[in-house]
Amino acid sequence: MCGIIGYIGRGRSVDIVMEGLKSLEYRGYDSAGVAYFVDKRVEVKRCKGKIRDLARLLDASSNGSGVAIGHTRWATHGKPSEDNAHPHRSGPVVMVHNGIIENYMEIKSGLAKDGIKFSSDTDTEIICHLVEKYHKSAEIEDAVMSAIKEIKGSYAIAVISERSPGKIVCARKDSPLVIGVGDSEYFVASDVPAFLGYCRNVIFLENDEMAVLTNDGVEVRNYKGDQVFRDAETINWTPSMAEKGGFKHFMLKEIFEQPRAVTDTLRGRYYHGDSHVTLEEFGLDEERMSGFKRIYLVACGTSWHAAIIGKYFIEEMARIPVEVDIGSEFRYRDPLIGKDDLFVAITQSGETADTLAAQRQAKELGAYTLTICNVVGSSSSREADAVFYTHSGPEIGVASTKAFTTQIIALYLLAVAFGKIRGVLDVERVEKLLGDLIELPGKIESMFDLDEKIKDIARDYFKASDFLYLGRGALYPVALEGALKLKEISYIHAEGYPAGEMKHGPIALVDEALPVVFIVSKDALFEKMLSSINEIRSRDGKVIVLTDGNGDSFEGLSDYILNVPHINEFLGTVLMTIPLQLLAYHIAVLRGCDVDQPRNLAKSVTVE
Ligand code: AGP
């Protein structure tokens, strides 16, 4: 996510904004910028790269300004570059933005017809031109209000104008904005850490609210124009806690960010009611998609687990053969891939050496390459023929959580699109599959209600030396992911296995010291899972059941039952993953492990 900071007050605005941007660096970014008044003119300095690069662009003229806004950009539309960096300008209007505008292409073409010329590939720039259009005949706050009523999507914006030098106008929808109320100085930021060193009295803006900051104070209004009176809250976090939004670790924060991450990844990608999945944006048109004979899903680690899940989705919904490979295997097995095939790299960082090498090899062999990636401008996204960006925001914790669930969502949309194009899914089934997506973020949110019970499980089993995770079908890779999460942050040996394979070896491990996690869906294999549980139970194994089915069936057979809401056999993989992430997290904390930076691990494995 991008970082925003604005300040109005004494003549040190640029220093405060630059410090604020440094405090937001943890969010991850690829470019930065600042805008400030020099007399009545607004000066904009911005660059690709880091805050230190931006600092080199500043000169003494920035010292006297009493108003400034700043931005760190995490690219979603348009690669990292100076032109795409914020702040953006249109005439006297200068602004910064965090979020994703869904209808920006539609607005952009309208503005282009008015003769507007664009200098960037960003969705943000169109907001700036819209505001400027209205500002010609209205105060800046009214112009902002008119502009935001035209846009769809998520935004947090801070706007200044050369025609209103003593004002910062800000507004938000689905992207956070917090106001700092100081002593004759006021702040606006994406997140509290940006100004915590100066101010602890804050007002969290709600959705569809606007705030106008002047030297006289802060006025909050809703979009109906009614003034909103809300007392400032006092923040008692330390700066380190504030970076994690009050969570103890980035990993926990990112687990709880998954409803938003999924929502942002879905934005503008499908239209329920039209039974339409929009993949054209990623370079996948219907004609090309109809021509593929085989699909290869290639990845490493957690992303490989998503690939296996994707195979179940695509083969079930589109009846097209799918091969799944680990990057380091694909690249050395002389694969039979060619021009009629689609190669899909699945990679959070876009920099994993083995996945990248496989992608390059597939391209050399003539395959069309798509990457499902979380980092704009990464090697994988620059080199692929088509790119599906997951908008989970920067994932700081080494253990992947929100990136994984958004990868599943991307594969789900891909499967539905292929299924529709190949005539396997009729409109009714497409509508049902897309309709289920609407409920998903809320159902993910409901999973957090299990957290206390999961802490109990962690307390019972954090001293175990081994864990076994068992699942069937698309829940088998979920078992793999649950085991990987546990082993990589708690250092407990854990294995994921297809439940049907238990009798072919793993059952020899079962004794009273072995916790076995069963991931059970209410489907045709439900009874088979029940008998597997009986077999573990009869050997004194400890049984933890995760199920979207009838939890009562496991009474007396399991030490813990975690009931998960049912959604459908595909998206159940997302819901079932959440408790496994939390279980790994709580066990790792109880074992005193470094959850965000586990030993021996890197966030991106850029070497073989
Ligand atoms: C997952 O928790 C690990 N951090 C690791 O397995 C990771 O998924 C793998 O290295 C692939 O990374 P990528 O998605 O950035 O390519």
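Order of listing sets the numbers, starting from 1, for every ligand and every atom in it.
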Ignoring hydrogens and geometry, is there a side-chain-to-backbone donor-acceptor pair from [X] to [Y] under 3.5 Å?
{"X": "Lys293", "Y": "Ile320", "result": "no"}
{"X": "Ser175", "Y": "Asn98", "result": "yes"}
{"X": "Asp341", "Y": "Gly338", "result": "yes"}

Looking at ligand 1, does any of its N/O atoms fall within less than 3.5 Å of an N/O of [X]?
{"X": "Lys485", "answer": "yes"}
{"X": "Val398", "answer": "yes"}
{"X": "Glu488", "answer": "yes"}
{"X": "Ser604", "answer": "no"}
{"X": "Lys603", "answer": "no"}

Nearest heavy-atom neighbours spanning [X] and [Y]:
{"X": "Val595", "Y": "Ile489", "value": "O-CG2, 3.8 Å"}
{"X": "Asn563", "Y": "Gly551", "value": "OD1-CA, 3.4 Å"}
{"X": "Thr573", "Y": "Phe570", "value": "OG1-O, 2.6 Å"}

Item checked: Over 12 non-hydrogen atoms of neighbours within 6.0 angstrom of CG in Asp449 -> yes

Notebook entry, point to check: Which word best sums up how the rings of Phe418 and Phe292 line up, parallel for under 30°, tilted for 30 to 60°, or perpendicular for over 60°?
Noted result: tilted

Nearest to [atom], what protein heavy atom do you find, and at what distance?
{"atom": "atom 12 (O) of ligand 1", "value": "Thr352 OG1, 3.4 Å"}
{"atom": "atom 10 (O) of ligand 1", "value": "Val605 CG2, 4.0 Å"}
{"atom": "atom 9 (C) of ligand 1", "value": "Cys300 O, 3.8 Å"}
{"atom": "atom 8 (O) of ligand 1", "value": "Thr302 N, 3.1 Å"}
{"atom": "atom 14 (O) of ligand 1", "value": "Ser303 OG, 2.6 Å"}

Item checked: Proximal ligand 1 atoms for Ala399, defined as those under 4.0 Å from one of its heavy atoms -> 2 (O)

Next item on the list: Number the atoms of ligand 1 from 1 as they appear, then name those within less than 4.0 Å of a heavy atom of Ser400, with their elements.
Entry: 1 (C), 2 (O)

